[in-house]
Every structure is written in C-alpha cells, then in structure tokens.
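Report on the structure given below.
Heavy-atom basis, side chains included; hydrogens, waters and symmetry copies ignored.
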Amino acid sequence: MQLRYQYRLYPTPGQQNKLAQAFGCARVVYNDAIHAREQARRDDLPYPQDAELSKALTAAKRTPERAWLSEVSSVVLQQALADANTAYRNFFASITGKRKGRTLGSPRFRSRRDNRQSIRFTRNAHFAVAAGGKLRLPKIGDVKVAWSRDLPSDPSSVTIIKDAAGRYFASFVVQVDDEPLPEVASEVGIDLGLTTFAVLSNGKAVDSPKFFRRAERKLRKAQRNLSRKEKGSNNRAKARLRVAKAHARVRNARLDFAHKHSTTIIRENQAVYVEDLCVKGLARTRLAKSVHDAGWGLFTRLLEEKATRYGRDFVKVDRWFPSTHMCSACGALDGKKPLHVREWTCTCGAVHDRDLNAARNILAAGRAERRNACGETASLPA
C-alpha cells in the first residue's frame, strides 16, 4: 500500500523565494488550464484535451509574456496541469453519479492568497536526498529536513507544502508492505461521543480532550487582535500568522491524540467495529463546534487505514442501527432517549450505562455483519 511520510522543512530565505516563485508558476499554469476549459464551455467549442493543454504550456514558455515559466522545474508545471485535469475528471464523475459522496462544484481558480500553497516533484524531476540528509530539489537547491524517522522505501514523489502558519513540509509518497500483527482473540465495539470521546465494549473509556475548547480563549484573543489591524498592513500579516499558528497547534494535538489511540486499539484487537456516524449532518446542529472538535472522522479514518495495514478487520455499523435504545442483554427496544439520560433500566431488569450499552450493541451488530459478509448467516438477538 502507499503511504505518505511528512517531514518539516527549513529552507533558507533564498530558497523560500525560489519556492514562492515555483508556487506562483504552478498556480498560473493551473489557472490557465481552468480558463481554457471554461472559455471552451462558454464558446461552445470542443473540450480541450490533456495533450492539447500540455502543448499550449510548452508554447507559452516560448512567449515573452510567459518566459518566466522556464525558471522553475518543468515537472512542477506538468504536475499542476495534471492537478487541473484530475479536478475536472472528478467534477464530471461527481455530476454523472460515478463518484460517491456529495456533489462537487466545478474547479475554481487558485489565488496567491490561499492559505495553502504546494508543488509536486515526481521521479522525472530527479529529486534526491543528499549525503548530508538535505532534500535536493531541482532549481531550488538542498533544503534542510528534520528527519523524524527513515523512509521505508524510495519515494515516488514529493510534495512541498507551505501551510497557513508559514511552515514548510515535504510529503513523500512511498510504497510499504503490509505488516500483519499476531492474531489476538479480542474484538471491540466503539461508541463515539462528546462528553466521553470513546467508550469501548470491554469497559474502557477514552476521555474527550476537547483541544479546541481548551484553546478557545487564546484563539478568541488572537482573532480579536487580527480584526483590529488595518487590512494590507504588516501588523495584520503578523496577526494573521499568530492566528494560523494557534489553529495549527490545535490540529497537531488532535492528530497526535487520534494516532496514539487508534494504534493502541488496532494492536489490542483483532476486529474493530464502529458506528457509521453522519458527521456532516451532526455538524449542522447546535453541537457543531463540539462535533468538529471531537474529530470523529479523522479517528475512524485512521482506524480503517491501520486495520488494513496491520491485518485487522474493520467494520462500520449502519448509522440507523438503534444501538442506544436497544438492550444488549435481551435485545428489547426501549425507545429513543434524550442526551441527558445516561443510565436506564430495561424491562428484563438489566441496568445499562448508555454509552457502554451502545458499544456492546455495536460489537454484536458488527460481528453479525462481518459473518454475513463472509457468507455465513448471522443475526442479532430478537
């Protein structure tokens, strides 16, 4: 399987200027491709194919108006063109129903004011890791890298990213072999929540860290300070950077939390079952801020990816499954319950903790779904 390994870069001021030039050239090529296709649509002309746009790019580099495109690596420009082609293919696949998920809008133009700028080098660009551990990039030079771990194999491409906080990263795409872990007998169902981040069917609970809520006071102060600065001033640029860095710290803490707990759960259990939550729907309610802060989507995505890599089973239970108001002991349905009801007693006499009962029901439903997928016949208790 393919994975991304990301490392922090520390370019010199001269290299930062060269990277800014490369970001700008890639943005211009991307926008030119979008403009050509939009123009063809408005004029009812044949849709420009990928090869035609590539020839147009080569011709543009020979003109006085676009001669500066030759100052950056040609691979960067071709990859920007490929990104525009991919954006249109995804757009057409979405509106025709071939692509799952929400309907995508038509590709938009990129701006120099976008918070995230990136360029991509493939093997054709002959990027390399120099003897001193620096990353050698064509027409940019040897850039210092903070290597936190070794690359497992030779990368097929590297994406250079500048984020909203002004930090630079190198994201390598590498091919890794699956690493199946020794089989274990335990399986677990997980009920995700807001007060408690996760309750496992074995009785363990993971407290909700609430990273955004804890940093909200500092974020509010930084945002208020930004709003008072004059637009276009240097002080506003500095204030915007402080806001971006504050948000980056929250994101990094949330990502670290999700990685650590997902790894622990995958290592300790042979099969993991979670509820297929509609996060986008919940994010439109009055709980939107808490739902976004919890990061359920990130956590379940990491669980699924690590289960695939380490030979574990991962199953999502139908979101309409009544895990909360079904008795895990007898299977009786006791009706919907408001959020403030944390414990309830079934007619069979069993006393349930709301979240633990839901986790046990998710475990049973996940096991039944897994067996049915394997061709066996299984069902939940009536």
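Between the side chain of Arg254 and the main chain of Phe211, no donor-acceptor pair closer than 3.5 Å is present. A distance-only check finds no donor-acceptor pair linking the side chain of Ser94 to the backbone of Asn90 [under 3.5 Å]. Counting only distance, with no hydrogens or angles, the side chain of Thr264 and the backbone of Lys260 share a donor-acceptor pair below 3.5 Å. Listed for the Asn269 side chain is no donor-acceptor partner under 3.5 Å among the backbone atoms of Val272. Under a 3.5 Å cut-off, the side chain of Asp293 and the backbone N or O of Lys289 do not form any donor-acceptor pair. Thr58 places a side-chain N or O within 3.5 Å of a backbone atom of Ser54 that can act as its donor or acceptor partner. In terms of modelled atom types and a separation under 3.5 Å, the side chain of Gln270 and the main chain of Ala185 share no donor-acceptor contact. Side-chain N or O atoms of Asn31 include none that pairs as donor or acceptor with a backbone N or O of Val28 at under 3.5 Å. Judged by distance alone, the side chain of Arg240 and the main-chain N or O of Ala164 form a donor-acceptor pair under 3.5 Å. In this structure, Arg99 contributes its side chain and Ala93 its backbone to no donor-acceptor pair below 3.5 Å.
Residues Ser290 and Arg213 have side chains that bring a donor and an acceptor to within less than 3.5 angstrom of each other. Side-chain atoms of Arg228 and Asn235 form no donor-acceptor pair, as typed in the model, at a separation below 3.5 Å. Using modelled atom types, one finds a donor on one side chain and an acceptor on the other under 3.5 Å when comparing Lys229 with Asn225. For the residue pair Arg42 / Gln39, a side-chain donor-acceptor distance below 3.5 Å is found, with atom types taken as modelled.
Residues Val173 and Arg4 meet the side-chain proximity criterion, which asks for heavy atoms closer than 4.5 Å. No side-chain heavy atom of Lys61 sits under 4.5 Å from any side-chain heavy atom of Arg66. The shortest distance between side-chain heavy atoms of Trp344 and Asn357 falls below 4.5 Å. Contact check for Thr324 versus Arg354: side-chain heavy atoms found under the 4.5 Å cut-off. Looking at heavy atoms from C-beta onward, Leu333 lies in side-chain contact with Pro322 at the 4.5 angstrom threshold. Looking only at side-chain heavy atoms (C-beta outward), Ile362 and Val274 stay at 4.5 Å or farther from each other. Two residues are said to be in side-chain contact when any heavy atoms from C-beta on lie closer than 4.5 Å; Lys134 and Val145 fail this criterion. In this structure, Gln117 and Arg27 have side chains that are in contact, with non-hydrogen atoms separated by less than 4.5 Å.
Between the CD atom in Gln78 and the CG atom in Asp50 there is a gap of 10.5 Å [rounded to 0.5 Å]. Here the straight-line distance linking atom CD of Gln21 with atom CD1 of Ile140 works out to 9.0 Å at 0.5 Å rounding. Between the CH2 atom of Trp296 and the CZ atom of Phe299 there is a distance of 12.5 Å, given to the nearest 0.5 Å. How far CG of Asn124 is from NE2 of His126: 6.5 Å, rounded to the nearest 0.5 Å. From Tyr47, atom OH reaches atom OH of Tyr88 across 6.0 Å, with rounding to the nearest 0.5 Å. Taking CZ of Arg236 as the reference point, atom NZ of Lys231 lies at 6.0 Å (rounded to 0.5 Å).
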Side chain to side chain contact (heavy atoms under 4.5 Å, CB included) evaluation trace for Arg312 with Val184 | CA-CA 10 Å; Arg312 302 307 201 199; Val184 294; 4.0 Å; yes

Walk me through it: do Asp191 and Asn361 pass the test side chain to side chain contact (heavy atoms under 4.5 Å, CB included)?
-> CA-CA 9 Å; Asp191 178 66; Asn361 285 329; over 6 Å; no

Stepwise side chain to side chain contact (heavy atoms under 4.5 Å, CB included) test for Cys327 and His352 = CA-CA 8 Å; Cys327 175; His352 294 298; 3.0 Å; yes

Determine, step by step, whether Leu53 and Arg37 satisfy the side chain to side chain contact (heavy atoms under 4.5 Å, CB included) criterion, reporting the C-alpha distance in whole Å, the side-chain angles of both residues, the deciding distance to 0.1 Å, and the verdict.
-> CA-CA 9 Å; Leu53 293 175; Arg37 283 174 166 150; 3.4 Å; yes

Audit row: Asp114, Arg108, salt bridge (charged side-chain N to carboxylate O under 4.0 Å, His left out) steps and yes/no | CA-CA 12 Å; Asp114 288 343; Arg108 67 171 184 85; 3.8 Å; yes

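Salt bridge status for Arg41 with Glu38: present, with a side-chain N to carboxylate O gap under 4.0 Å. Salt bridge present: Asp355 and Arg342 bring a charged side-chain N and a carboxylate O closer than 4.0 Å.
Closest non-hydrogen pair, Val243 versus Ala222, comes out as CG2-O, 3.5 Å. When all heavy atoms are compared, the tightest approach of Phe314 to Thr300 is CZ-O, 3.9 Å. Residues Leu151 and Tyr5 share a closest heavy-atom pair of CD2-CB, 3.8 Å. Summarising the geometry of Gly105 relative to Phe91, their closest heavy-atom pair is O-CD1, 3.4 Å, with the distance given to 0.1 Å. Among all heavy-atom pairs drawn from Ala33 and Leu81, the shortest one is CB-CD1, 3.7 Å. Contact between Val72 and Ala22 at its shortest, heavy atoms only, is CG1-CA, 3.8 Å.
Within 6.0 Å of CG on Asp154 lie no more than 12 heavy atoms contributed by other residues, nucleotides or ligands. With a 6.0 Å radius and a threshold of 12 heavy atoms from other residues, nucleotides or ligands, Lys306 has its NZ atom above the threshold. Other residues, nucleotides and ligands place more than 12 heavy atoms under 6.0 Å from the CG atom of Asp43. Around atom CZ of Arg251, no more than 12 heavy atoms belonging to other residues, nucleotides or ligands sit under 6.0 Å away. Around NZ of Lys139, the count of heavy atoms belonging to other residues, nucleotides or ligands within 6.0 Å exceeds 12.
No continuous path of ILVMFWY side-chain contacts below 4.5 Å connects Phe127 to Val75, so the two sit in separate hydrophobic clusters. Placement of Phe257 and Leu194 within a single hydrophobic cluster is found when ILVMFWY residues are connected by side-chain heavy-atom separations under 4.5 Å, directly or transitively. If you chain together hydrophobic residues whose side chains sit under 4.5 Å apart, Val199 and Met326 never meet in one group. Hydrophobic clustering (side-chain heavy atoms under 4.5 Å, transitive across Ile, Leu, Val, Met, Phe, Trp, Tyr) keeps Leu302 apart from Leu3. Cluster annotation: Val188 and Leu181 are assigned to the same hydrophobic cluster (Ile/Leu/Val/Met/Phe/Trp/Tyr, side-chain heavy-atom contacts under 4.5 Å, transitive).
Taking the ring axis of Tyr310 as reference, the NZ or CZ atom of Arg267 stays within 45° of it and closer than 6.0 Å to the ring centre.
Annotation: ring pair (Phe, Tyr, Trp, His ring centres under 6.0 Å) contacts of Tyr7 (sequence neighbours excluded): Trp147, Phe172.
Aromatic ring pairs are classed by plane angle as parallel below 30°, tilted from 30° to 60° and perpendicular above 60°; the pair Phe109 and His35 is tilted.
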